[in-house]
Amino acid sequence: MSTAEPIELPSQYAPSEVEGPRYERWEKAGYFAADATSGAPAFSIVIPPPNVTGSLHIGHALDHTLMDALVRRRRMQGYNALWLPGMDHAGIATQNVVERELAKEGLSRHDLGREAFVERVWQWKAESGGKILGQMRRLGDSVDWSRERFTMDEGLSRAVQTIFKRLFDDGLIYRAERIINWCPRCLTALSDIEVEHSDDDGELVSIRYGDGDESIVVATTRAETMLGDTAVAVHPDDARYTHLVGKTVELPLTGRRIPIVADEHVDPAFGTGAVKVTPAHDPNDFEIGRRHDLPGLTILDEHGVVTAHGPFQGLDRFEARPAVVRALREDGRIVAEKRPYVHSVGHCSRCGTTVEPRQSLQWFVRVGPLAKAAGDAVRDGRVRLHPPEMNARYFGWVDDMHDWCISRQLWWGHRIPVYYGPNDEVVCVGPGEQPPAGWRQDSDVLDTWFSSALWPFSTLGWPENTADLRTFYPTSVLVTGYDILFFWVARMMMFGLYAMRGQAPADAVPFRVVGLHGLVRDQFGKKMSKSRGNTVDPLDWVDRFGADATRFTLARGANPGGDIAISEEWAAGSRNFCNKLWNAVRFALLNGARRPAAALDPAALSVPDRWILSRLSAVIAETDQLFEAFEFAKVCDTLYHFAWDEVCDWYLELAKVPLASGDEAVARTTRQVLGLVLDQLLRLLHPVMPFVTEELWTALTGEESVMVAPWPAFSLPDPQAEAEISSVMRLVTEIRRFRSDQGLRPGQRVAARLAGIEDSTLAGHEEQIRSLLRLGPPADGFTPSASIEVEGITAELDVAGVIDVAAERRRMEKDLAAARAEAGQAERKLANSDFTARAPAAIVDKTRQRLETAQADIARLEQRLASI
RNA sequence: GGGCGUAUAGCUCAGCGGAAGAGCGCCCGCCUUACAAGCGGGAAGCCACUGGUUCGAACCCAGUUACGCCCACCA
């Protein structure tokens, strides 16, 4: 009720006392849980599953803030909102962690054996995995814990096996001998996206193969691979070498003779125009080898150590390289060396080891038709990317995708459901099926991304036709950083469209909208990295500034697709904003304001009331529109300025007069409006700042939770009140400026007369203007010694003896110069007949008004300058 | 080697065809009874450069320069 007793809050907001208990209460109340049987429209988001080995970093904090804001808003809007949490088993990463643990005990995974090792990983997961889930609670993530999933759990494993079988039966999964990226440390194949390229220093050596007229010079940065050369290739049209094509040359150090072949792939303009061909250790050479039926000679084992080549046997590839060069030099074979030679080198994204291209037998997904469908879904608008500028990148990727190597020589992961018979027969086994007795299963596991590609539907129960799947698929939005648009988003698109293709075409997509945000960077826009020492631990911020401040800082920087620069100062600013809200509500409660129980009586509203309600209406509409457009930064900015600049700086100050007036009817209305405005504001802010809004809103309303309060839909526009209050603001600001310029103490009461106000639109606002400016009434002996004129009202102040005439003159001269410039500009424009004839009438009118205002200012200032 | 993006106040960024904006920082003055995590006032920008389109350009077009990112099997 609006007549409630005053409540006094502490003068500062203490997040740490609020956040833990509030989260627990929400969870216990079941507010996070979605309902598959609800008739309400569904809204669903699946979390990008963090690695089970991971902990919350600032990028997650951003991601989660945005998702939580979307979900919380939808929930308040009455949607059946689901935010589904879970984790990724993170094949290589997790296996590495557990292997490192074993190493401390002096063991390797081979000492345990496969079964025991996998058991050990599960044990590790139970004990130390999922740290990040606890951290999500600290952030305030409103996820449905009852639906938490893990990519290796039983249901998801069934989904993996099911889709593998389908793809296999459709001929979209095949096994082939190919050159793949091999990590000699992790001892597994890697897909292209698990390889990171960097420009490294190397050495380019030119080597002469053969002798005399029958010799040819090739260049390489990987000299050791010459041991595996099985040909030299030249361009078919290269006249320099036509006499050699079809002949053989002696390969130095080996005594082998290798053929010279002609192949279109060779660029005759590059180097000598001759290329050494190592089919087993280079993807291009592999293709050349296939075209010319050349044997592949593997010279490195899985550790990258040279096998069976005389003096080089047993040398690591990086030891073998200089050793081979040395031997060639002694043999007089090196014709040129270039060092350093910068070239692009691939590294394992997990451990940084230089990747070795290696010929081996692996499983692949034939991506052609899948990628085509993934591209089409965006092209025809079934899936929209936000911001749309990301389309080009997306198409660039899906339209030119190479087949995906999905087998990994690891133990932790989904084992490939293929069995081999005694005579190498192959069978792919679906869920529930039994392989023929005695057949052995493929020893490889699947790429982690294979299971995460199923995430939007495997988590909802697919391949069963569950209520969750029917209700929440396709998911509404996918929120993630643009950096994994290709890694993950494109793959979910491929598999989602494939697995769900039985549904209506529009409903097979895994999500309808992809909201892409940028990377979190430091205050200078630099990438965060441990080596730079500029990383931010979001939990440290949660501890020091509160979860809301951390979230607000991130959301406030989140322009669509753009990177986000943050620093501690920004977090402190957000914390200050929390405190500002706290104190605004504190003020309201001290004055007995509460959210009104009944509708307001429009007739009782004062102009300031009508103004703030009108502004509130506009802000609600704007917030809605910005949320729909994923304009999180602008949502935050809009609400920040409304709360601080309008509600606190002006409305609360204006409200002090009626609250102190002693007129109970007037005070009651003000309390009601104050209660209403704060109630609505807190609801608007709740998606981004859940904790402080909850604490304040429950105090203000006495109700259970703002989480389940309806989203604002209030509208009471009042242009007349807005115009009046903006006049008040101009007058007050102008007088404040005068006082400040004149060095008058803000607290000092100055007697003033507001001449002309009785006849102006501001007639009813005199008391408030006096209150805002601490102006006293003109008493006996009042002698105006300075005057400020704004909008036809002349404020005469009795400041004799205090006023600095020179300062005042300077100020007026400055204003005058500005007014003259303004008038001149407008005049010139209006003198241009092209402008008056061709510009829209509204623009011309506006310019005319500008001119008139400026001219009036000039006249006024000139007169006052003359009289001062 | 391809593709994309960005250049606006000291810093980080909005604005994207009709009078240059925000946050932080900076300067001046204030403990004014919600808040000093605060209040009031203020300074600060040839909107990268050069041309073009337009009555009008920070905004559209072309070129230049400088950064940044993504993709790529160049020996």
Side-chain angles (χ1 to χ4, degrees), chain A residues 8-9 11-13 179 192 197 204 206 218-222 233 265-267 270-278 282-287 343-344 346 357 389-390 392-393 396-397 400 402 482-483 485-486 519 521-525 527 545 549 556-557 559 561-567 569-570 572-591 633-634 637 640-641 648-649 652-653 656 660 732-733 736-741 743-749 772-774 822 825-826 829 832-840 842-844 846-847 850 854:
Chain A
E8 179 147 10
L9 297 175
S11 68
Q12 283 196 351
Y13 172 51
I179 293 278
D192 292 345
H197 290 268
L204 185 73
S206 299
V218 298
T220 182
T221 53
R222 294 190 299 154
H265 168 264
V266 179
D267 176 4
F270 189 96
T272 59
V275 185
K276 63 191 276 304
V277 182
T278 323
D282 182 278
N284 291 318
D285 295 3
F286 181 79
E287 293 304 322
H343 62 137
S344 177
E389 292 83 62
M390 291 293 174
R393 280 189 180 197
W397 175 256
D400 186 29
H402 294 188
Y482 61 73
D483 53 326
L485 181 60
F486 312 140
L519 268 37
R521 295 169 176 273
D522 76 6
Q523 59 193 309
F524 303 113
K527 213 167 181 168
F545 304 110
R556 195 180 190 185
N559 285 117
D563 287 346
I564 299 169
I566 56 162
S567 75
E569 286 73 39
W570 302 55
S574 302
R575 184 231 12 225
N576 296 354
F577 181 49
C578 293
N579 203 49
K580 191 71 180 173
L581 294 170
W582 181 267
N583 275 287
V585 174
R586 178 170 183 256
F587 172 84
L589 295 174
L590 277 173
N591 285 283
K634 292 187 182 72
D637 206 52
Y640 178 93
H641 286 292
C648 291
D649 286 352
L652 288 191
E653 295 303 325
K656 284 175 182 174
V732 168
T733 301
R736 277 175 179 163
R737 189 178 157 215
F738 171 82
R739 292 180 56 137
S740 180
D741 287 353
L744 298 171
R745 306 279 92 140
Q748 187 178 341
R749 281 192 98 74
L772 289 166
L773 290 163
R774 281 158 213 291
E822 179 74 19
Q825 198 183 21
K829 262 190 139 165
N832 181 347
S833 58
D834 279 333
F835 172 71
T836 47
R838 307 180 73 158
I843 300 296
V844 178
K846 224 164 116 184
T847 310
R850 268 174 62 197

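Excluded from the calculations below are hydrogen atoms, water molecules and symmetry mates; all remaining heavy atoms, backbone and side chain alike, are included. Residue numbers begin at 1 in each chain, while the letters A, B, ... track the order of the sequences.
In this structure, the separation between CZ on A:Arg521 and CD1 on A:Ile566 is 12.0 Å, given to the nearest 0.5 Å. With rounding to the nearest 0.5 angstrom, the CG atom of A:Leu589 is 11.0 Å from the CG atom of A:Asn583. The NZ atom of A:Lys580 sits 5.5 Å away from atom CG of A:Asp649, with the distance rounded to the nearest 0.5 Å. Distance CG/A:Asn576 to CZ/A:Phe545: 9.0 Å, rounded to 0.5 Å. Atom CD of A:Glu569 is separated from atom CD of A:Gln523 by 5.5 Å, given to the nearest 0.5 angstrom. Rounding to the nearest 0.5 angstrom, the gap separating the OG1 atom in A:Thr847 from the CD atom in A:Gln825 is 9.0 Å.
Here the shortest heavy-atom pairing between A:Arg586 and A:Leu9 reads NE-O, 2.8 Å. The minimum heavy-atom distance linking A:Cys578 with A:Tyr13 is given by the pair CB-CD2, 3.9 Å. The minimum heavy-atom distance between A:Asp522 and A:Ala565, with the atom names listed, is O-CB, 3.3 Å.
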Sugar-phosphate atoms are those with a prime plus P, OP1 and OP2; base atoms are the rest. Using that split, label each nucleotide of nucleotides 28-39 of chain B B, S or - for protein heavy atoms under 4.0 Å, 5' to 3'. -SS-B-BB-BSS
Contact pattern, 5' to 3', of nucleotides 3-17 of chain B - B, S or - by protein heavy atom under 4.0 Å: --------SBSSS--
Classify every nucleotide of nucleotides 51-57 of chain B by which part a protein heavy atom approaches to under 4.0 Å, writing B for the base, S for the sugar-phosphate alone and - for neither, in 5'-to-3' order. ----B--
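Nucleic acid contact for A:Arg737: sugar-phosphate only, since backbone atoms but no base atoms lie under 4.0 Å from a heavy atom of the residue. Across all strands, A:Thr847 comes closer than 4.0 Å to no nucleic acid atom at all (heavy-atom distances).
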How is the base pairing of RNA chain B summarised as a dot-bracket string, given the Watson-Crick and G-U wobble criteria with both distances under 3.5 Å, [ ] for crossing and | for another strand? ((((((((.[[[[.)..(..]]]].(((((.......))))).....[[[[[..)....]]]]])))))))....
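By the side-chain contact (heavy atoms from CB on, under 4.5 Å) test, A:Glu653 is found to be paired with A:Lys656, A:Leu772, residues two or more places apart in sequence or in another chain being considered. Listed by chain and residue number, nothing satisfies the salt bridge (Lys or Arg N to Asp or Glu O under 4.0 Å) test with A:Arg736 (two or more places apart in sequence, or in another chain).
Between the P atom of B:C69 and the CH2 atom of A:Trp397 lies a distance of 18 Å, rounded to the nearest Å. If you take NE2 of A:His641 and C1' of B:G23, they are 7 Å apart, rounded to a whole angstrom.
Remark: the separation of the C1' atoms in B:A75 and B:G5 is 32 Å, to the nearest Å. The same atom, C1', is picked in B:C27 and in B:G17; the two are 36 Å apart, to the nearest Å. Across the C1' atoms, B:G29 and B:G10 are found 23 Å apart, a figure rounded to whole Å. Between B:C55 and B:U65, the two C1' atoms lie 32 Å apart (nearest whole Å). Across B:C24 and B:C39, the matching P atoms stand 10 Å from one another, rounded to whole Å. Comparing the C1' positions of B:A58 and B:A7 gives an interatomic distance of 11 Å, to the nearest angstrom. With both ends at atom C1', the span from B:U50 to B:A57 equals 15 Å, rounded to whole Å. On the P atoms, B:G21 is 23 Å away from B:C26, given to the nearest whole Å.
For the pair A:Asn559 (side chain) and A:Gly562 (backbone), a donor-acceptor distance under 3.5 Å is absent. Not a single donor-acceptor pair under 3.5 Å links the side chain of A:Ser740 to the backbone N or O of A:Arg737. Checking side-chain atoms of A:Arg575 against main-chain N and O of A:Ala549 turns up no donor-acceptor pair under 3.5 Å.
Taking only side-chain nitrogens and oxygens, A:Arg739 never comes nearer than 4.0 Å to OP1 or OP2 of B:G41.
Residue whose closest nucleotide on RNA chain B sits further toward the 5' end, between A:Lys846 and A:Tyr640: A:Lys846.
Among B:G41, B:A75, B:G18, the nucleotide with an atom closest to any side-chain atom of A:Ile843 is B:G18.
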Working note: A:Arg556 + A:Trp570, criterion side-chain contact (heavy atoms from CB on, under 4.5 Å); need CA distance, chi angles, decisive distance, verdict. CA-CA 10 Å; A:Arg556 195 180 190 185; A:Trp570 302 55; 5.9 Å; no
